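Values in this document were obtained by computation on a predicted structure and should not be read as measured data.
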Amino acid sequence: MELRKRIKINEDWSFTGPSGRTQRVDLPHTWNNIDGQDGGNDYWRGTCIYCKSFPKPNFTADQRVYLEFQGVNASAKVELNGNLVGSHNGGYSTFRWDISELLSDANVLTVHVDNGVNDRVYPQKADFTFYGGIYRDVSLIIVNKRHFDLDHLGGPGIMVTAKPVENYSRGEVQVKTWRNCEEGQVHISILDGLGKEVAAADMTNGKLDVPNVQLWNGVKSPYLYTAVATLDIDGKKVDQISTRFGVRDFHVDAREGFFLNGRSYPLRGVSRHQDWKGIGNAITCKHHDADMALIREMGANTIRLAHYQHDQYFYDLCDQYGMVVWAEIPYISEHLPGGRSNTISQAKELVVQNYNHPSIVVWGVSNEITISTKDKADMLDNHRVLNDLYHQMDPTRLTTLACYAMCGPFNKTAHITDVVSWNLYLGWYVPGLFLNDFWIDFFHKCYPDRPLGYSEYGCEAMPNLHSSKPRRGDHTEEYQCVYHEYMLRCFEHRPFLWATHVWNMFDFAADARDQGGEPGMNHKGLVTFDRKTKKDSFYLYKAWWSDEPFVHICGSRYVDRPEAVTKVKVYSNQSKVALYVNGKLVEEKTGKRVFEFKVPLEGNVELKAVAGNCTDLCAVRRVSAPNPAYKLHGKSSNSANWV
């Protein structure tokens, strides 16, 4: 029997946008899905109005009705039938209110949504588009008037803290619930992955033991249990909630890196922005599923969910597939003296709403905050407040932040949190890939007891740009490969790095940019904005991280080649690769991940790479002069940063 009823009200809204014209829309929706992706740094920011008419839902005198928003960017003022319901500042978290007393037989819900420029709600300055809109689900929740908490910071009303004990043979599960009434009895049941009860107790707050525990053990075995809390009053079940959780522990060693369940578990993965081409942030479960499938195909085991709270559905996917997560708030680029309370409220919501996810191991305080901050003392104090807040709310996890390149190793900001990472683009924004080795080794020598990671590294690449002599700033697929090949070797030699996150898994919108021949975009992704094209570098990471046998010939889009002898690069996670040219075996090589061949070019050439049972094909041809379409033209042909 379902004790709560959730009714989505995503369809048939009226939207009055920047033009003043009213139109019908369905949620999720953003008004910046086009102008926020076309460059010019001129996408419309301000207040738009959403209205929704709906009949009074069926509920009894013994029930309450809550209105829930899972994401409205960035500020929302909500009215029902002309009455103020409430306001919320923060574009990436869940919020809800009890609207029972405001309901009529016929209802009009009005939401004023504001993504305008201000000095109090983050983010305000960053290298991504701040899409305005109601871009996640809106629901009515019908619940008994005596129920588990729905009023505290958008949280679920239940908190589970689980850890392995007795040499990982038993699980100790602390469950805490909150409810809006004193009467009644709370029953807690722990279910295994098959739905079988393995522990139970009558309690509001207490510990349960799970014998023969199965661990949440990363991508290889992300086992999940479910905690079910039932509220019973006078022998009748009146409310029930549940949450999945995992049993695991972890720690970070400054000299040996990240450990999961007592074993070394190097975190190597990607950062993710949530937006899609032509859709913006108004994405659905199918888009989240597609993103996760691509990340899993590549073999990553960690995701930095940048630079804000992501959809609960995606955190659930991370739990389900064993991704270790860095979760953070959009305290980014510039400290706003008037925004301190907003950093605190967003941090509280992040922890309360996401505490139960076993995938999350670190809470992020800020990103590149030293870029343009003027009041450094206030900024440092804000960081200390947030760092302490995270520890108070959640002593089981670590805190971290991402430093900007110009934030040196001795900067006080870099020494507040438990661990630290840097956003460094040495070899892209500045010449010299070797500087990465120098920088890491210098920091580690100065601070051997300080865990260090790379929170961002990458370079831009357009699938239509190519060169046989790739160089920094040319935006070719080939230079992106050179860059990432170097970085992977660099990290391999430094296993003490607690985590590394490629920037970025996907191309994403940054309306202020004009690079790579496509304004409004950051092209550092390993996959294109529409998720249709895996750049060659995607397969480099697959060769390093994935166990799924494959072989990939690089440069399949680099068809026209002027050289008499061309280099053919092949990525594979197999130990032997054979290359065939026009059906004839040219050479078989033994190696690891990157295989290079020299192939004479004359006319049209068919290439086939074979590694075990895997094959890949492509065709190239000799031309008399370089194809001008492969070269970036115009003023945007540089590797300047957005700042």
Side-chain angles (χ1 to χ4, degrees), residues 1-13 27 50-72 76-88 93-111 134 136-160 175-189 191 202-205 226-244 312-313 349 352-353 356:
M1 175 180 165
E2 189 177 23
L3 298 177
R4 290 185 175 189
K5 185 176 183 180
R6 179 179 289 269
I7 305 169
K8 289 185 181 181
I9 54 170
N10 290 342
E11 296 181 351
D12 199 22
W13 288 68
L27 306 183
Y50 292 83
C51 291
K52 166 71 176 175
S53 298
F54 64 95
K56 187 176 185 178
N58 292 322
F59 69 102
T60 68
D62 209 32
Q63 292 178 312
R64 308 296 292 178
V65 179
Y66 278 79
L67 173 65
E68 179 185 87
F69 296 84
Q70 293 187 3
V72 180
K77 185 176 76 170
V78 180
E79 298 169 343
L80 183 61
N81 301 324
N83 300 298
L84 178 65
V85 176
S87 298
H88 181 264
S93 54
T94 294
F95 56 97
R96 61 176 84 93
W97 296 285
D98 184 340
I99 60 169
S100 307
E101 306 302 330
L102 299 177
L103 287 166
S104 302
D105 290 338
N107 300 277
V108 177
L109 176 63
T110 304
V111 186
I134 306 178
R136 292 181 187 152
D137 288 343
V138 180
S139 300
L140 300 175
I141 303 171
I142 301 173
V143 64
N144 191 282
K145 67 180 182 181
R146 294 166 295 184
H147 56 264
F148 291 107
D149 183 74
L150 283 164
D151 297 291
H152 183 60
L153 298 171
I158 183 172
M159 186 170 75
V160 178
V175 181
K176 188 174 184 178
T177 63
W178 292 263
R179 62 186 193 269
N180 71 341
C181 59
E182 295 293 332
E183 68 267 34
Q185 177 67 55
V186 175
H187 179 77
I188 304 296
S189 178
L191 310 179
D202 290 330
M203 62 182 191
T204 298
N205 179 13
T226 301
V228 181
T230 304
L231 177 59
D232 191 304
I233 296 178
D234 297 330
K236 180 182 178 182
K237 294 181 175 66
V238 298
D239 195 22
Q240 188 176 82
I241 54 176
S242 65
T243 184
R244 295 193 303 181
Q312 281 297 312
Y313 183 79
E349 290 175 331
V352 169
Q353 294 175 24
N356 297 330

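When all heavy atoms of Thr226 and Ser242 are compared, the pair lying nearest together is CG2-CB, 4.0 Å. The shortest non-hydrogen separation linking Val352 to His152 is CG1-O, 3.8 Å. Across all their heavy atoms, Asn10 and Val138 have their closest contact at OD1-N, 3.0 Å.
Looking at Lys52 and Asp12, their side chains come closer than 4.5 Å, going by heavy atoms from C-beta outward. Looking at Met203 and Val186, their side chains never come closer than 4.5 Å, going by heavy atoms from C-beta outward. By the 4.5 Å heavy-atom criterion applied to side chains, Arg4 and Leu150 are counted as neighbours. With contacts defined as side-chain heavy-atom distances shorter than 4.5 Å, the pair Leu27/Tyr50 qualifies. Within the 4.5 Å cutoff, the side chain of Ser104 has heavy atoms near those of the Asn81 side chain. Put simply, the side chain of Ile7 does not reach to within 4.5 Å of the side chain of Phe54, judged on heavy atoms. The closest side-chain heavy-atom distance from Asp149 to Asn180 is not below 4.5 Å. Counting heavy atoms from C-beta outward, Ile188 and Thr177 have side chains that approach closer than 4.5 Å.
The distance from the CG atom of Leu109 to the CG atom of Leu80 is 6.0 Å, given to the nearest 0.5 Å. Rounding to the nearest 0.5 angstrom, the gap separating the CG atom in Leu103 from the CZ atom in Phe59 is 5.0 Å. Separation of atoms CD (Gln240) and CD1 (Ile158) is listed at 10.0 Å; rounding is to 0.5 Å. From Glu79, atom CD reaches atom CG of Leu102 across 11.0 Å, with rounding to the nearest 0.5 Å. Note that the CG atom of Leu3 and the NE2 atom of His147 stand 13.0 Å from one another [nearest 0.5 Å]. Within the model, atoms OG of Ser100 and CG of Leu67 stand 10.5 Å from one another, a figure rounded to the nearest 0.5 Å.
With sequence neighbours excluded, no residue forms a salt bridge (charged side-chain N to carboxylate O under 4.0 Å, His left out) with Asp232. Residues passing the ring-ring contact (aromatic ring centres under 6.0 Å, His included) test with Trp97 are Phe95, sequence neighbours excluded. Checked against side chain to side chain contact (heavy atoms under 4.5 Å, CB included), Ile141 has the following partners two or more places apart in sequence or in another chain: Arg6, Tyr66, Glu68, Arg96. With sequence neighbours left out, the ring-ring contact (aromatic ring centres under 6.0 Å, His included) criterion links Phe148 to no other residue. Residues satisfying the side chain to side chain contact (heavy atoms under 4.5 Å, CB included) test with Cys181, not counting sequence neighbours, are Arg146, Arg179, Glu183, Leu231, Ile233.
Between Ser93 and the options Gln312, Gln70, Glu349, a side-chain hydrogen bond (donor to acceptor under 3.5 Å, both in side chains) holds for only Glu349.
Screening residues 55-64 for salt bridge (Lys or Arg N to Asp or Glu O under 4.0 Å) gives Asp62-Lys145, Arg64-Asp98, Arg64-Glu101 as the qualifying pairs, with residues at least two apart or on separate chains.
Atom CD of Glu11 has 12 or fewer heavy atoms from other residues, nucleotides or ligands within 6.0 Å. In Asn83, the CG atom is crowded: over 12 heavy atoms of neighbouring residues, nucleotides or ligands sit closer than 6.0 Å.
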As a quick check of understanding, evaluate side chain to side chain contact (heavy atoms under 4.5 Å, CB included) for Lys77 and Val111, giving each step before the final call.
CA-CA 6 Å; Lys77 185 176 76 170; Val111 186; over 6 Å; no
Side chain to side chain contact (heavy atoms under 4.5 Å, CB included), that's the test. Do Ile99 and Leu140 meet it? Break it down for me.
CA-CA 9 Å; Ile99 60 169; Leu140 300 175; 4.0 Å; yes
